[in-house]
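These notes are about the structure you will find just below.
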2 protein chains.
Amino acid sequence: MDDLDRRIINELRLNGRATYAELGRQVGLSASAVHERVGKLESSGVITGYHATVDPSSIGLGVTALVGIQPSDNAEDNEVAVKLGELVEVESCWAVAGDEAFVVKVRVPTVDELERTLGRLRRIDGVARTRTTVVLSTRFEGRPNTATAE
Amino acid sequence: MDDLDRRIINELRLNGRATYAELGRQVGLSASAVHERVGKLESSGVITGYHATVDPSSIGLGVTALVGIQPSDNAEDNEVAVKLGELVEVESCWAVAGDEAFVVKVRVPTVDELERTLGRLRRIDGVARTRTTVVLSTRFEGRPNTATAE
DNA sequence: GATGCGGCGGTCCAAGTCGTCCACGCGCAG
DNA sequence: CTGCGCGTGGACGACTTGGACCGCCGCATC
């Protein structure tokens, strides 16, 4: 992973649909060379995917919340994480330090649906309590951090 | 926004580099028709971008934390949010209900750097206290929620 | 109820660009 | 010298992208 790789990655983080030819122009390589480098970055697990980002409220997901998951005494973290992953409305799941086992981000259409989701979360084996923080507005999200990448 | 749009969006959320021809095959339209639909989805703000997702530790960002931002009494939220956005290590920023004004997700190379980042956060005008939750592992993140999208 | 019309949204087509593969060249280490 | 890593350039099929055209639907008119 050299400087050229970092520049390619950076470009792809900003514009995931950039063509190889375009990337080549940006970094001063032929499209073939870029193609090969990107292929290696993908197969070595540095680039894990490409995704369109969508305005959540446009697709009927206007309510976001961060939920801390307090485990019960006998909880097995990995099992709980799998169960959390089975709920489609759970978009992200972080295992954290502190008295909560996980913090998850959920995205649902309405507060009614949020209530139902919290019910589903509490019903998971190993979940003792939940602590919900409602998101009022998302100022920005998933911004590419290029601190070390360029 | 009809069912075809939703299927196209869904596909692009899973594979942001899908070609128009490919999308056309999936949904049963010509590439031209898909091209036009995607163009409209982009210009109407439903699709806000395309991004490669990168394994953070591969690019030297091995430490993640969620930080609650408690505002000082005279804080002006919008100004604080702008300042938060100026720190590249702040990847996401949500304005939340509760006694914290924001929760941000930061991504840094090391815990040393985390300490420095927390210092920078506290030095922002309008920030009284921070409450940091260190992420031990990211189980999943930014997963496309297709609950209403398909 | 027919008829005509206009716009939306699709197909088809064609020119240009791009992706993808392969042969080859260059620099370098063993 | 040889092999290897990594690049270039070329070739060809696939894709993009815009335009011409067409069918359908709703609507106003007769």
Side-chain angles (χ1 to χ4, degrees), chain A residues 1-62 109 142 144 146-150, chain B residues 1-62 109 142 144 146-150:
Chain A
M1 157 107 64
D2 60 8
D3 189 58
L4 286 174
D5 280 335
R6 274 184 282 270
R7 285 168 63 195
I8 291 170
I9 289 171
N10 215 30
E11 196 54 39
L12 282 173
R13 291 226 281 173
L14 296 170
N15 175 15
R17 280 182 87 81
T19 64
Y20 294 118
E22 209 171 320
L23 293 169
R25 272 177 243 124
Q26 297 254 354
V27 303
L29 284 182
S30 66
S32 316
V34 174
H35 185 236
E36 191 172 340
R37 278 171 178 266
V38 172
K40 284 178 186 170
L41 289 169
E42 288 169 358
S43 58
S44 68
V46 176
I47 295 176
T48 58
Y50 304 90
H51 306 281
T53 57
V54 174
D55 173 41
S57 63
S58 292
I59 55 168
L61 297 172
T146 57
T148 66
E150 55 186 339
Chain B
M1 156 106 65
D2 59 6
D3 189 57
L4 285 173
D5 280 333
R6 275 183 281 271
R7 283 168 64 194
I8 291 170
I9 289 170
N10 215 29
E11 195 54 39
L12 282 173
R13 292 226 281 172
L14 296 169
N15 175 14
R17 279 182 87 82
T19 65
Y20 294 119
E22 208 170 319
L23 293 169
R25 270 176 245 125
Q26 298 253 353
V27 303
L29 285 182
S30 67
S32 311
V34 173
H35 184 238
E36 193 171 338
R37 277 173 178 265
V38 171
K40 284 179 185 171
L41 289 169
E42 288 168 357
S43 59
S44 68
V46 177
I47 295 176
T48 57
Y50 304 89
H51 306 280
T53 57
V54 174
D55 173 40
S57 62
S58 293
I59 55 169
L61 296 172
T146 57
T148 66
E150 56 186 340

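Within every chain, numbering begins at 1; the chains are lettered A, B, ... in the order of the sequence lines, protein sequences first and strands thereafter. Computed from a predicted structure; not experimentally measured.
- Contacts of residues 40-50 of chain B with DNA chain D (heavy atom under 4.0 Å): none.
- Under the side-chain contact (heavy atoms from CB on, under 4.5 Å) criterion, B:S30 pairs with B:S32, B:A33, not counting sequence neighbours.
- A:H35 has no side-chain polar atom (N or O) that falls below the 4.0 Å cut-off from OP1 or OP2 of C:dG19.
- Summarising the geometry of A:G45 relative to B:S58, their closest heavy-atom pair is O-OG, 4.3 Å, with the distance given to 0.1 Å.
- Of all heavy-atom pairs between A:I47 and B:A52, the closest is CG2-CB, 4.3 Å.
- Note on residues 34-44 of chain B: pairs passing salt bridge (charged side-chain N to carboxylate O under 4.0 Å, His left out), not counting sequence neighbours, are B:D2-B:R37, B:D5-B:R37, B:E36-B:K40.
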Apply side chain to side chain contact (heavy atoms under 4.5 Å, CB included) to residues A:E11 and A:I8 and explain how you reach the verdict. CA-CA 5 Å; A:E11 196 54 39; A:I8 291 170; 5.8 Å; no
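- In this structure, CG on A:N15 lies 8.5 Å from NE2 on B:H51, to the nearest 0.5 angstrom.
- Scanning for side-chain contact (heavy atoms from CB on, under 4.5 Å) contacts around B:T48 gives A:T53, A:D55, with sequence neighbours left out.
- Taking the side-chain contact (heavy atoms from CB on, under 4.5 Å) definition, one finds that A:T19 meets it with A:A21, A:E22, sequence neighbours left out.
- In terms of heavy-atom proximity, B:M1 sits nearest to B:V46 at CE-CG1, 4.1 Å.
- In the helix from C:dG1-D:dC30 to C:dG30-D:dC1, the end axes, each obtained as the rotation axis mapping the C1' atoms of four pairs onto the next four within a five-pair block, lie 20° apart to the nearest 10 degrees.
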Under the criterion side chain to side chain contact (heavy atoms under 4.5 Å, CB included), I'd like the reasoning laid out for B:R13 against A:I59: C-alpha separation, chi angles, the key distance, then a yes or no.
CA-CA 12 Å; B:R13 292 226 281 172; A:I59 55 168; 3.5 Å; yes
- Task: Go through the steps for B:Q26 and B:N10 under the test side chain to side chain contact (heavy atoms under 4.5 Å, CB included), then give the verdict.
- Result: CA-CA 11 Å; B:Q26 298 253 353; B:N10 215 29; over 6 Å; no
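- First and last contacts of DNA chain D with chain B, using any nucleotide atom under 4.0 Å from a protein heavy atom and ordered 5' to 3', fall at D:dC15 to D:dG18.
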For nucleotides 10-17 of chain C, 5' to 3', base contacts (B), sugar-phosphate-only contacts (S) and non-contacts (-) with protein non-hydrogen atoms under 4.0 Å give SBBB----
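- Within the structure, ring-ring contact (aromatic ring centres under 6.0 Å, His included) contacts touching residues 8-37 of chain A (residues at least two apart or in different chains) are A:Y20-A:H35.
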